[in-house]
Amino acid sequence: MAGLRLGPLLRYVDGSTATVWVESDRPCTAEVRCADGAKGSTHTFRIAGHHYALVPVEGLEPGTETAYEVLLDGHRVWPLDASPFPPSTIRTPAEPAEEVRVSFGSCRWAISPTGEKDPMGPDALDTLAVRLAAAPQAQRPDVLVLLGDQVYADMVSQATRQWLAERRDLNEPPGDQVADYEEYAHLYDESWLDPEVRWLLSTVPSCMIFDDHDVIDDWNTSAAWVAEMRATPWWNERILSGLMSYWVYQHLGNLPPSELASDPVYAAVRASADGTDALRAFATRADADPASTRWSYRRDFGRVRLLMVDTRAARVLDESGRAMLDADEAHWLRDQALDAPGSYDHLLIGTSLPWLLPHLVHDVEGWNAALARGERGPRWARFAEDLRRRSDLEHWPAFPESFAALTDLIAEAGSGPDAPASVCVLSGDVHHAYLAEPTWPRGEGPRPDVRVLQLTCSPMHNSIHPAIRLGFRFGWSRVGRALGRRFARHGRTARAKVDWRRTDGPWFGNHLMTLTLRGRSGTLALDRARPVRGGSARLERVRDSAIST
């Protein structure tokens with residue numbers, strides 16, 4: 001009899017359809033049955049000895065909520081017997097949707113199931129699950145937007161380290177980091193089998209995108225970094241397994257059923273008794289030629305448009321033409337942002353890496369990029385490459401032309417009679433939360449007519465060194481800004497087309513941000529997970545504000 005190994009995860013939901021992701025322990029037919037009669041089924045596919053299904057559910061009614069159960073070969077496996085949680089449900093939006101709630105964050109280091117001491121403090125996602133489970137009819141997110149570092153392939157728990165040591169010699173590279181597909185699968189088990197988070201992901205739809213730790217710290221920092229990694233004997237298996245596991249565990253569920261139906265990789269994997277070779281061939285192409293695939297995607301929630309942007313695999317790393325996005329990816333982002341003007345009220349751009357950083361950090365990254373491409377000669381270039389890796393200088397400002405292009409696109413999308421009410425860039429990565437608001441000088445290119453915000457929320461469950469906290473605070477200060485301009489002059493870098501200021505924050509700790517968008521108005525809430533007496537935790541409201549009226 002087939003058993004449920006991992007999941008279910010509720011992924012895509014619209015007014016009448018949904019997809020539910022599951023992993024079983026053997027080949028079977030996976031089925032989802034809803035209390036209102038909606039249902040769907042599909043046979044599992046096999047990757048590296050694991051069995052998965054993305055079940056399409058059809059016949060849902062707009063604006064309703066229905067409980068569902070999961071069956072494998074006709075045997076019910078979800079809800080779990082004696083589960084302490086409410087039934088998992090699918091809530092479909094009304095047509096048209098009156099309100100959309102988007103909760104987002106990034107950087108979630110998994111809580112070990114062995115009970116070892118948690119050095120990171122309360123997990124914000126776990127704490128949200130506890131709150132929602134205690135009040136099933138309360139307001140909850142319409143979608144969770146997870147902006148990278150869903151797993152940490154290079155920073156594992158003590159329990160996982162012991163598990164790795166039972167498989168292989170940790171004195172051999174890559175040591176106590178994951179090495180292959182099976183070890184990536186173990187990371188997802190550890191993260192998503194957490195009981196509270198497992199229930200949460202079964203009942204709140206999610207959109208995901210990777211960042212570096214989903215594969216390795218500093219992934220695709222520079223061409224020199226890539227060359228160095230490819231020269232190691234273990235990197236090829238690491239990167240192919242990382243891309244394969246991301247496709248299975250995260251990417252598939254991002255796509256609507258209509259795109260899945262025409263996806264050639266999904267078709268090839270499902271048509272084979274064992275899809276491992278087909279998926280590995282796809283990952284090999286994606287690694288060798290990033291332009292051969294697109295991990296970015298678009299989701300529409302009523303009149304809210306979300307563009308999730310790949311800022312890792314789509315990079316161009318040649319120093320003479322560095323870009324955060326290759327040409328095709330950049331064209332795709334532009335086309336999606338400007339498509340059907342007037343058809344959406346809010347534009348959300350999800351990018352794991354912040355667009356607007358503290359001014360000192362911004363200028364240092366631009367200075368570093370100029371030196372690395374040879375602006376001050378080969379000696380400075382070697383120094384810059386070393387500093388780039390040591391200090392993680394690889395955000396949008398480290399790709400100056402891409403920063404300028406994104407700035408211009410945001411201005412263009414936010415201007416004119418059909419402009420949305422707001423443009424918000426949702427980001428994570430930097431292990432703290434803040435709000436920044438840009439201003440465009442008059443008479444220098446496109447200038448938006450609407451509110452534009454950089455909303456950064458990170459981590460959901462991780463930490464930051466006290467020295468780095470001080471560095472980020474200093475980076476926003478007047479002294480930090482003046483120091484940044486000196487770096488810019490030394491690097492001979494052009495000034496940005498936009499100015500910005502931090503309007504709130506920084507906040508340190510484990511957080512979630514939530515946008516509530518209704519018509520052309522919107523509000524922002526920031527909640528922090530705080531411990532309470534008795535060892536539990538609660539979400540404490542840190543910030544409430546309007547983003548548009």
Side-chain angles (χ1 to χ4, degrees), residues 9 80 83-86 88 101-141 143-152 155-160 187-204 206 208 213 428-434 455-466 468-469 504-516 524-544:
L9 276 72
L80 301 176
S83 171
F85 298 101
S88 299
R101 292 170 56 85
V102 180
S103 292
F104 64 95
S106 78
C107 307
R108 181 176 176 266
W109 190 74
I111 298 175
S112 172
T114 61
E116 66 189 70
K117 183 178 179 180
D118 183 357
M120 309 298 185
D123 182 336
L125 209 58
D126 198 87
T127 309
L128 173 64
V130 171
R131 185 170 76 179
L132 295 181
Q137 300 306 314
Q139 280 190 325
R140 70 188 193 198
V143 63
L144 286 170
V145 175
L146 306 179
L147 291 163
D149 296 343
Q150 274 66 263
V151 294
Y152 279 74
M155 188 179 77
V156 301
S157 68
Q158 183 60 36
T160 294
L187 292 184
Y188 284 102
D189 285 352
E190 184 176 58
S191 184
W192 290 353
L193 283 176
D194 171 277
E196 287 77 17
V197 169
R198 188 181 193 183
W199 174 79
L200 178 69
L201 294 178
S202 77
T203 202
V204 177
S206 55
M208 306 180 188
H213 291 284
D429 179 70
V430 291
H431 289 207
H432 67 289
Y434 64 89
L455 306 177
T456 304
C457 184
S458 167
M460 292 185 291
H461 185 233
N462 213 307
S463 61
I464 188 170
H465 193 278
I468 300 178
R469 291 190 186 199
D504 218 335
W507 297 280
F508 297 96
N510 296 323
H511 292 91
L512 276 173
M513 272 189 189
T514 300
L515 284 170
T516 301
L524 168 71
L526 178 68
D527 293 301
R528 179 177 179 180
R530 287 194 180 274
V532 296
R533 188 174 300 174
S536 58
R538 63 183 175 87
L539 286 177
E540 178 184 90
R541 182 61 46 88
V542 174
R543 183 71 158 88
D544 265 316

Side-chain (Ser106) to main-chain (Asp429) donor-acceptor, under 3.5 angstrom: yes
Heavy-atom side-chain proximity of Asp527 to Thr127 below 4.5 angstrom: no
For Asp126, side chain to side chain donor-acceptor pair (under 3.5 Å) partners two or more places apart: none
Residue list, salt bridge (Lys or Arg N to Asp or Glu O under 4.0 Å) with Arg469, at least two apart or on another chain: none
Sole residue of Leu144, Val145, Thr516 in side chain to side chain contact (heavy atoms under 4.5 Å, CB included) with Val102: Val145
Sequence-distant partners of Asp149, salt bridge (Lys or Arg N to Asp or Glu O under 4.0 Å), two or more places apart: none
Those residues that, when tested against Arg131, pass salt bridge (Lys or Arg N to Asp or Glu O under 4.0 Å) (two or more places apart): none
From CA spacing to verdict: side-chain contact (heavy atoms from CB on, under 4.5 Å), Leu526, Cys457: CA-CA 8 Å; Leu526 178 68; Cys457 184; 4.2 Å; yes
Heavy-atom check, side chain of Phe104 versus side chain of Pro141, under 4.5 Å: no
Tyr152/Cys107 under side-chain contact (heavy atoms from CB on, under 4.5 Å): CA gap, chis, key distance, verdict: CA-CA 9 Å; Tyr152 279 74; Cys107 307; 3.2 Å; yes
Flag, side chain of Asn462 to backbone of His431, donor-acceptor distance under 3.5 Å: no
Parallel, tilted or perpendicular: ring planes of Trp109 versus His461, cut at 30 and 60 degrees: tilted
Minimum side-chain heavy-atom gap Leu128-Leu539 below 4.5 Å: yes
His511 side chain vs Arg528 backbone, donor-acceptor pair below 3.5 Å: no
Leu146 and Met460: CA distance, side-chain angles, deciding distance, side-chain contact (heavy atoms from CB on, under 4.5 Å) verdict: CA-CA 10 Å; Leu146 306 179; Met460 292 185 291; 3.9 Å; yes
Interatomic spacing from CG in Leu132 to CZ in Phe85 - rounded to 0.5 Å: 11.5 Å
Residues which pass salt bridge (Lys or Arg N to Asp or Glu O under 4.0 Å) with Asp194, listed by chain and number, not counting sequence neighbours: none
From Ile468 atom CD1 to Phe508 atom CZ, the distance as rounded to the nearest 0.5 Å: 10.0 Å
Min side-chain heavy-atom separation Val151-Tyr188 under 4.5 Å: yes
Main-chain N/O of Pro122 paired with Asn510 side-chain donor or acceptor, under 3.5 Å: yes
Polar contact flag, side-chain donor to acceptor under 3.5 angstrom, Thr203-Ser88: no
Residue pair Ser191, Arg108: steps toward the side-chain contact (heavy atoms from CB on, under 4.5 Å) verdict: CA-CA 9 Å; Ser191 184; Arg108 181 176 176 266; 2.8 Å; yes
Arg198: side chain to side chain donor-acceptor pair (under 3.5 Å) partners, not counting sequence neighbours: none
Taking every non-hydrogen atom, the tightest pair across Arg101 and Arg140: NE-O, 3.4 Å
Spacing of Leu524 atom CG and Thr514 atom OG1 [to the nearest 0.5 Å]: 8.0 Å
Non-hydrogen side-chain atoms of Met208 and Leu9 separated by less than 4.5 Å: yes
